Amino acid sequence: MAKPSASANSSSSGFEDLLPVMANNLGGEGLMGELCNGFNLLMDREKGVITFDSLKKKSALLGLQDLSDDDLRSVVKEGDFDGDGVLNQMEFCVLMFRLSPELMEASRFLLEEAFQHEFKQFL
């Protein structure tokens, strides 16, 4: 995903975008698997979604322990398309792509690759 960084390749928020590197190394299917793993790491096990509380408790695992409660609430709000106050797996994956400008540009290729793999039996 993204990690704190002070490098010149960092976004203005101070995070280095690692999703493009992961996509190059893992391909579309592998990247989606890793995003699912990230979701599973952050989700509330009882509710099956990422809540503010689960994100706050587990953010240190990603090196994000310094984010304020307002920042964490903003993350949830940014990705919460259906307005239920939590992130389901689809919302989380879409948010990760939206937060990665380079991947937004390359997402069509990755999506096509994933579809080809998923539907190769029909081609």
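Keep in mind that what you see is a predicted model, and the values were worked out from it rather than measured. The residues of the chain are indexed from 1 along the displayed sequence.
- Rounding to the nearest 0.5 Å places CD1 of I50 at 11.5 Å from CG of L72.
- Applying the salt bridge (Lys or Arg N to Asp or Glu O under 4.0 Å) test to residues at least two apart or on different chains, the pairs with a partner in residues 62-81 are K56-D69, D70-R73, E78-R98.
- Minimum interatomic distance between V49 and F39 (heavy atoms only, all atoms of both residues): CA-CZ, 3.9 Å.
- Among pairs with a residue in residues 37-47, none fulfils salt bridge (Lys or Arg N to Asp or Glu O under 4.0 Å), at least two apart in sequence or across chains.
- A donor-acceptor distance shorter than 3.5 angstrom exists from the side chain of S54 to the backbone of L42, with no hydrogens or angles considered.
- In this structure a side-chain-to-backbone donor-acceptor pair under 3.5 Å is present from E91 to D82.
- The distance from the CD atom of E34 to the CG atom of L41 is 11.0 Å, given to the nearest 0.5 Å.
- Checked options M90, M96, Q89; the residue passing with F92 is M96 (criterion: side chain to side chain contact (heavy atoms under 4.5 Å, CB included)).
- Cluster annotation: V94 and V86 are assigned to distinct hydrophobic clusters (Ile/Leu/Val/Met/Phe/Trp/Tyr, side-chain heavy-atom contacts under 4.5 Å, transitive).
- Partners of S59 according to the side-chain hydrogen bond (donor to acceptor under 3.5 Å, both in side chains) rule, which considers only residues two or more places apart in sequence or in another chain, do not exist here.
- Of all heavy-atom pairs between M43 and K58, the closest is O-NZ, 2.7 Å.
- Minimum heavy-atom separation, L87 to V76: CD2-O, 3.5 Å.
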